[in-house]
Amino acid sequence: MKVKLETRLLGANELIAHNNRTIFSNQGVLVINLMSSPGSGKTTILEKTISRLKDQIKIAVIEGDLYTDQDAQRIEQQGVKVVQINTEGTCHLDAGMVSHACQELLADNPDLLVVENVGNLVCPAEFDLGEDLRAVVISVPEGNDKITKYPLVFQRADVILVNKMDLLPFTDFDVARVQKDIGLINPKTKIFFVSARNGDGLEEWSSWLLEQIHAKGRTKLM
Ligand SMILES: Nc1nc2c(ncn2[C@@H]2O[C@H](COP(=O)(O)OP(=O)(O)O)[C@@H](O)[C@H]2O)c(=O)[nH]1
Ligand SMILES: [Mg+2]
């Protein structure tokens with residue numbers, strides 16, 4: 001019975017995600033689903049990315065969190081529009097939550113909508129939100145084994161950011177092993193090695209993001 005219920009839930013989610021994707025596509029907004037464990041640096045990467053790109057493109061953000069609006073407050077300080085979703089304990093966002101949250105943001109006609117998912121490497125991987133791209137952050141202090149232990153989220157990633165590279169000298173994190181593990185399960189994914197703390201790699205990441213927005217057909221970039 002449990003399996004049937006989960007199948008129904010995912011089926012209903014797929015329908016709404018399909019509808020979201022059509023709306024995003026008609027509007028020409030690039031939508032990114034940003035996922036990671038808690039604390040890998042999603043919000044910090046987003047803050048730094050917004051600060052680099054906000055003069056060139058219009059950015060909007062949906063923040064997913066269990067209970068608080070702390071991340072939304074951080075993003076608001078960057079001067080972009082943000083809507084907070086509190087899942088009240090649910091470990092992932094779903095397409096229906098994003099459908100509600102995006103309405104007032106889309107009215108502003110953004111070029112890029114970033115959805116910061118609930119910090120979790122398992123549940124968010126299963127729920128399509130209607131996004132164009134899935135971005136997954138893994139950070140150096142989390143260790144070498146996350147790719148093989150949580151393969152689904154990395155298998156489905158369009159881009160993987162390895163963050164906190166500034167901490168590399170203080171850990172046994174093995175860059176070659178992580179590259180090899182990603183290559184085995186998702187050879188086509190794009191990988192960026194970054195430090196949101198000192199800015200390393202963010203120029204390359206931001207340029208790639210702009211290319212994706214152009215590819216989506218945005219020509220009115222500011
Ligand atoms: N050393 C270091 N710390 C970072 C980096 N990026 C984020 N942090 C810190 O990691 C903690 C969690 O970051 P946050 O962006 O809130 O992670 P989130 O939970 O994935 O959104 C904060 O204390 C950040 O200052 C980085 O590149 N290097
Ligand atoms: Mg966060």
Side-chain angles (χ1 to χ4, degrees), residues 31-54 59-94 97-98 101 105 112-125 127 129 131 133-144 146-147 149-150 153-154 156-175 178-179 190-206 208-209:
V31 180
I32 295 191
N33 181 2
L34 184 59
M35 293 172 279
S36 83
S37 307
S40 303
K42 297 180 294 302
T43 311
T44 314
I45 290 172
L46 198 44
E47 289 171 308
K48 296 291 175 78
T49 306
I50 291 168
S51 146
R52 281 174 173 270
L53 295 181
K54 69 180 172 192
I59 303 171
V61 175
I62 293 174
E63 277 295 339
D65 256 311
L66 299 176
Y67 301 109
T68 75
D69 67 350
Q70 294 175 40
D71 286 359
Q73 287 182 32
R74 285 168 62 185
I75 296 300
E76 209 158 43
Q77 284 178 4
Q78 296 297 321
V80 302
K81 282 217 169 167
V82 53
V83 169
Q84 177 74 53
I85 300 173
N86 281 143
T87 62
E88 306 288 339
T90 303
C91 56
H92 60 86
L93 296 179
D94 65 37
M97 296 174 190
V98 169
L105 295 173
L112 172 66
L113 171 62
V114 181
V115 182
E116 180 178 337
N117 216 314
V118 178
N120 186 315
L121 278 179
V122 183
C123 318
F127 284 80
L129 306 179
E131 72 275 359
L133 296 173
R134 291 175 158 227
V136 182
V137 182
I138 176 184
S139 68
V140 164
E142 286 169 59
N144 296 315
K146 296 299 168 290
I147 312 292
K149 284 176 86 171
Y150 303 95
V153 73
F154 294 104
R156 294 185 173 176
D158 298 290
V159 56
I160 295 172
L161 294 109
V162 182
N163 188 34
K164 307 195 187 183
M165 287 298 283
D166 56 294
L167 297 180
L168 200 56
F170 311 107
T171 70
D172 61 356
F173 189 82
D174 184 342
V175 171
V178 166
Q179 272 176 314
K190 184 90 186 153
I191 308 175
F192 291 97
F193 293 92
V194 304
S195 166
R197 173 68 51 89
N198 68 19
D200 283 355
L202 294 183
E203 180 63 43
E204 292 82 353
W205 151 249
S206 302
W208 181 83
L209 208 47

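These numbers come from the heavy atoms of this one structure, side chains and all, not from hydrogens, waters or symmetry mates. Ligands are counted one by one from 1 in listed order, and the atoms in each one are counted from 1 as well.
N117 and N33 share a donor-acceptor pair across their side chains, judged by distance under 3.5 Å alone. T44 and R74 form a side-chain donor-acceptor contact under 3.5 Å, judged by distance and modelled atom types alone.
Closer than 4.0 angstrom to ligand 1 lie heavy atoms from S36, S37, P38, G39, S40, G41, K42, T43, T44, R74, E116, N163, K164, D166, L167, S195, A196, R197.
Ring planes of F127 and H92: parallel class, angle under 30° (limits at 30 and 60°).
Inspection of the environment of the Mg ion (ligand 2) yields the following protein N, O or S atoms under 2.8 Å: T43 OG1, D71 OD2, E116 OE2.
Here the straight-line distance linking atom CZ of R197 with atom CG of L202 works out to 12.5 Å at 0.5 Å rounding.
The two residues I32 and E131 have their closest heavy-atom pair at C-CB, 4.5 Å.
Taking the side chain as every heavy atom from C-beta outward, S206 and L53 approach each other to under 4.5 Å. The shortest side-chain heavy-atom distance between V194 and M165 does not fall under the 4.5 Å cut-off. With a 4.5 Å cut-off on side-chain heavy atoms, K81 and V61 do not count as touching.
Looking at N86, its side chain never comes within 3.5 Å of a backbone N or O of E88 through a donor-acceptor pair.
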